[in-house]
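Since the structure comes first, as structure tokens, the remarks are kept for the end.
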Amino acid sequence: MFNRLQTRIFAFFVLVIIAVLALSFWLSYQSNQRLEQQYVANQLEVASLVFESQYDNRNYYLAAFASTAAKDFGLKDIFIDGDNRSFLVALNNHRSRINASLAMAVSGDGTVIGQLVATQDDLGQEVVALGSEQHAPFRYQIDTEFDQISPFYLLDDKLYQIKFSPLTSGGNSVIGWVGFGFLIGDSLANSLQKLTGLNSGFMLIEQDAISHVGHSGLAIEQHDTQLVTQYIVKDQLDNDFILWKQFLGEVDNKSLHAYMYKSRSDLLASLESQWLQQVAVLLLMLPVSLLLAFWISGTITRPIKQLIDQARFIAKGNYHSNVSVDSSVELQQLASEFTSMQQAIVAREQAIEHQAFHDPLTNLANRNQLHRVCEPWIEAGSSMAICLINIRRMTEVNVTLGHVVGDEVIKEVAKRLCHINPNALACRLSGDEFVLAFKEFERSTFDAFLAMLQVQIGQHYCYKDISLHLQFTAGVSFSQPGVDIVTLLRQADTALQHAKMNKRDYQIYDANIDKNSIERFQLINELKEAIEQNQLVLYYQPKLNLAQQKITHVEALVRWIHPKRGIIPPDTFIPIAEKTMQMDALTRWVITEAITQYHRWQAKGIDMCIAVNISAENLKDEQFCHWVIDTLAHHSVPVSALTLEITEDAVVSDPELAIKQLTLLRNNGLTLSIDDYGTGYSSLAQLKQLPVDELKIDKSFVQKLLHTEADQIIVQSTLQLAHNLGLKVVAEGIEDKETLQWLTERHCEMGQGFYLSRPLPELQFNDWLSQSEFN
């Protein structure tokens with residue numbers, strides 16, 4: 001069911017709708033949370049600003065009016081005359097001007113000579129009476145800082161905000177003080193509540209005694225009292241309420257605090273109502289959106305179903321009918337494109353087929369076309385020939401003149417091949433390789449054809465004033481019973497490679513030239529397995545210490561004991577190892593086996609140093625030298641027991657790297673020897689820089705030493721040169737006793753050759769050594 005497009009479209013819309021609604025809900029919720037936090041913060045800020053404004057305004061108003069009343073000359077005269085009744089009347093007149101709740105006058109000796117308290121009766125009428133401190137000593141110390149006393153005055157359990165100002169005589173001497181105050185009580189709290197919307201009040205705290213001096217509303221509930229008290233005394237917040245407090249000062253050893261609070265739910269009721277409305281709208285949108293999505297999905301898929309029906313009709317081979325739908329402009333365009341596609345399918349299939357069987361550069365047939373054409377010829381038993389052609393020096397053309405010129409040369413060769421024989425199939429296999437395939441071609445005439453082909457292709461070709469002499473090398477193979485086209489191509493390629501190696505223009509395939517190639521290919525694949533499965537074995541050729549006339553060294557030579565081919569000489573598989581990146585594994589196997597052999601001889605009381613050949617490939621691996629040093633240490637073999645032999649050519653290939661690697665080995669105590677000295681290309685300048693210990697004179701200078709004066713001069717000079725450089729000399733190719741004596745007389749250090757022994761496997765070598773006169 002879910003595989004239907006309409007279901008998927010509807011499901012997609014449902015997911016989109018749910019995602020959009022969920023996102024809208026989340027954004028709305030987050031916005032509402034931020035709005036609530038901002039609203040609460042604004043309310044608290046407004047409460048703080050309103051209170052400060054009210055409080056500061058009352059302070060300023062009281063201070064300003066007290067100062068104004070103190071400057072009233074009439075009030076001063078009455079104060080000086082001492083007419084108490086008249087002074088109280090005048091004081092009350094001033095009080096009534098600002099509707100103060102308290103008016104006071106203090107004489108210079110600190111006596112309250114006037115204290116008027118204004119209250120309201122049950123009918124709301126103002127009643128003014130003398131205060132309880134009339135004619136009593138003033139509670140505060142009289143001094144010049146009288147105007148800096150506490151701005152709060154507690155009288156008869158009522159708290160007043162009061163300001164005093166001094167009365168002065170003609171000499172600016174203070175004769176008394178006059179002050180006015182406003183009541184801090186329910187009226188002020190109600191005023192603050194109207195301005196802020198928060199329940200307001202004032203609280204006096206003295207240790208555990210708490211008293212409210214004013215609160216908005218009728219009365220503060222016990223829960224609210226506990227809430228405010230915990231907040232003011234212990235600074236404990238209740239997340240269900242919005243709280244604000246302000247410490248105002250000390251009054252008769254009691255701390256006065258103003259506070260405002262309100263239930264968070266009551267304060268945010270309007271916001272919660274808006275949030276619920278938003279949620280209701282979102283929930284209402286869900287079913288409406290789902291119905292709309294279902295309708296849209298059906299509308300979209302209806303014309304698609306029509307297209308499916310017509311596509312099925314086309315699939316049956318009806319390519320000439322027009323596709324049409326009654327739907328939107330876009331789907332009508334799609335139907336029109338279906339019609340155009342029908343017309344393009346045949347042409348496109350033809351183009352694809354052409355590309356699949358033809359070369360894009362030359363438009364000749366490619367390998368696929370060669371197989372398609374030739375396989376029926378072979379199946380029909382026709383005698384056919386394959387001529388594989390390789391254009392010479394194309395790499396030089398591409399590098400020197402660029403690939404654009406190279407492509408033009410390839411196209412010219414293709415053009416010439418097409419005119420060689422109209423009955424031949426001309427193909428391009430790869431970059432510079434072409435094939436001519438012939439059906440019913442006589443083998444006896446092929447030499448003449450190849451000569452003619454060389455003339456035809458070899459004609460000069462000019463490209464933008466550049467003259468090129470085109471040449472090719474060809475390999476030819478002829479069909480045989482049971483041989484397919486793949487084998488014919490391989491045989492032609494073998495012939496081509498043989499022609500290249502022998503610098504011939506062409507070569508006709510013969511089984512004799514393929515035998516070594518097949519065997520070599522098989523050896524390449526089998527060498528890795530031979531190293532891993534220990535099909536290799538070491539032979540040891542003794543090296544005689546001429547001064548001691550004793551066998552002290554041997555050279556380890558590897559042999560491959562093939563399970564089917566028998567012994568394979570190193571000249572056959574070592575070049576394979578070097579060209580297939582297996583030389584490192586082979587050398588490591590030889591060294592490891594030589595170390596094992598060293599321990600076996602040591603166990604038999606035979607102290608023998610072993611020489612191992614290493615190649616240039618080993619010196620290119622910077623880890624090889626470290627491996628040799630670590631392996632000797634791991635197997636507890638002294639470095640003096642191993643000699644590493646390297647040919648001159650290996651050093652010449654990269655002198656800098658070779659010297660670096662050999663220096664590392666020499667610094668770690670290994671003995672190094674230059675093998676086959678005199679046959680390579682090293683110079684005396686390089687020789688003096690090489691960190692080696694000995695030279696091995698090549699056997700070509702030693703085998704006919706007593707019969708060739710030139711060889712004697714070369715060997716004698718090499719001995720002198722080596723000894724002058726502090727090097728030892730090993731002579732290879734000693735085949736008679738006289739040569740051995742000649743070398744001994746000229747202080748050659750060591751000798752090696754068939755006169756002493758051919759390379760022998762371990763057991764035969766042990767037997768030979770036990771019976772040798774040089775033991």
Side-chain angles (χ1 to χ4, degrees), residues 354-394 397 406-461 468-480 483-500 502-510 513-514:
H354 184 82
Q355 292 175 1
F357 293 98
H358 291 80
D359 176 59
L361 178 63
T362 63
N363 206 35
L364 293 180
N366 61 10
R367 189 184 299 271
N368 295 332
Q369 181 70 356
L370 178 66
H371 283 247
R372 187 166 69 167
V373 172
C374 292
E375 284 175 355
W377 293 355
I378 295 175
E379 292 174 359
S382 302
S383 59
M384 61 171 293
I386 293 292
C387 180
L388 181 62
I389 300 170
N390 178 253
I391 307 301
R392 298 178 189 171
R393 298 189 299 279
M394 280 307 303
V397 172
D407 289 345
E408 293 300 323
V409 172
I410 292 296
K411 288 191 282 188
E412 177 63 24
V413 172
K415 187 185 301 181
R416 294 181 182 184
L417 288 176
C418 289
H419 294 89
I420 294 295
N421 189 327
N423 296 322
L425 174 64
C427 305
R428 183 187 180 213
L429 295 190
S430 60
D432 55 2
E433 284 192 346
F434 296 84
V435 164
L436 288 175
F438 300 89
K439 180 181 180 183
E440 303 295 346
F441 199 89
E442 293 294 335
R443 182 167 184 170
S444 59
T445 63
F446 218 87
D447 288 334
F449 167 76
L450 289 173
M452 182 270 292
L453 180 64
Q454 189 70 270
V455 173
Q456 184 72 20
I457 297 297
Q459 297 178 9
H460 281 276
Y461 169 66
L468 299 174
H469 182 207
L470 304 181
Q471 294 178 302
F472 70 87
T473 303
V476 181
S477 63
F478 294 95
S479 61
Q480 300 172 10
V483 176
D484 58 11
I485 183 63
V486 175
T487 304
L488 280 177
L489 282 172
R490 184 190 65 79
Q491 292 175 349
D493 187 56
T494 300
L496 175 65
Q497 300 306 320
H498 189 272
K500 285 184 177 181
N502 292 277
K503 301 186 184 306
R504 302 178 60 180
D505 289 340
Y506 63 89
Q507 173 69 47
I508 296 177
Y509 174 78
D510 185 270
I513 68 172
D514 199 16

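Here the structure is a predicted model, which means the values were calculated and not measured.
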Q. Can any side-chain N or O of Arg416 pair as donor or acceptor with the backbone N or O of Ile457 at less than 3.5 Å?
A. yes
(Q) Is the shortest side-chain heavy-atom distance between Ser477 and Thr494 below 4.5 Å? (A) no
Q. Below 6.0 angstrom between ring centroids: does that apply to Phe449 and Phe438?
A. yes
Q | Evaluation steps, side chain to side chain contact (heavy atoms under 4.5 Å, CB included), between Asp447 and Ile508 | A | CA-CA 9 Å; Asp447 288 334; Ile508 296 177; 3.6 Å; yes
Q. Distance from Gln491 atom CD to Asp510 atom CG, nearest 0.5 Å?
A. 10.0 Å
Q) Is the shortest side-chain N to carboxylate O distance from Asp505 to Arg392 below 4.0 Å? A) yes
Q. If you round to the nearest 0.5 Å, how far is CH2 of Trp377 from CD of Glu375?
A. 12.0 Å
Q.
For the backbone of Gly431 and the side chain of Arg428, can you confirm whether one donor and one acceptor N or O come within less than 3.5 Å of each other?
A. yes
Q) For Ala474 and Leu450, which heavy atoms make the closest approach, and how far apart are they? A) CB-CD2, 4.4 Å
Q: Could you tell me whether the side chain of Asn366 and the main chain of Ala356 form a donor-acceptor pair under 3.5 Å?
A: yes
(Q) Would you say that Leu453 contacts Phe472 through its side chain, given a criterion of any heavy-atom pair below 4.5 Å between the two side chains? (A) yes
Q) Quick one: CZ on Arg367 to CD1 on Ile485, what's the gap to the nearest 0.5 Å? A) 9.5 Å
Q | Gap between atom CG of Asn363 and atom CG of Asp359 - 0.5 Å precision | A | 8.0 Å
Q | Sole candidate of Leu489, Val476, Thr487, Leu436 that passes side-chain contact (heavy atoms from CB on, under 4.5 Å) when paired with Ile386 | A | Leu489
Q) What heavy-atom pair brings Tyr461 and Leu470 nearest, and what distance separates the two atoms? A) CB-CD1, 4.1 Å
Q) Does a sphere of radius 6.0 Å around NE2 in His469 hold more than 12 heavy atoms from other residues, nucleotides or ligands, not counting ones at 6.0 Å or beyond? A) yes
Q) Tell me, do Leu417 and Thr362 make a side-chain contact under 4.5 Å, heavy atoms counted? A) no
Q) To the nearest 0.5 Å, what is the distance between CD (Gln454) and CD1 (Ile389)? A) 9.5 Å
Q) Where do Ile391 and Phe434 come nearest, in terms of heavy atoms and distance? A) CG1-CE1, 3.9 Å
Q. Going from CG on Leu425 to CG on Leu364, what distance comes out if it is rounded to the nearest 0.5 angstrom?
A. 9.0 Å
Q) Looking only at atom types and distance, does a side-chain atom of Ser479 sit under 3.5 Å from a main-chain N or O of Met384, one as donor and one as acceptor? A) yes
Q: Considering non-hydrogen atoms only, spot the tightest contact between Gln507 and Ala499 and give its length.
A: CB-CB, 3.7 Å
Q | Glu433 vs Asp493, side chain to side chain contact (heavy atoms under 4.5 Å, CB included): CA-CA, chis, key distance, verdict | A | CA-CA 10 Å; Glu433 284 192 346; Asp493 187 56; 4.2 Å; yes
Q.
Using a 3.5 Å distance criterion without hydrogens, assess whether the side chain of Thr473 forms a donor-acceptor pair with backbone atoms of Asn390.
A. no
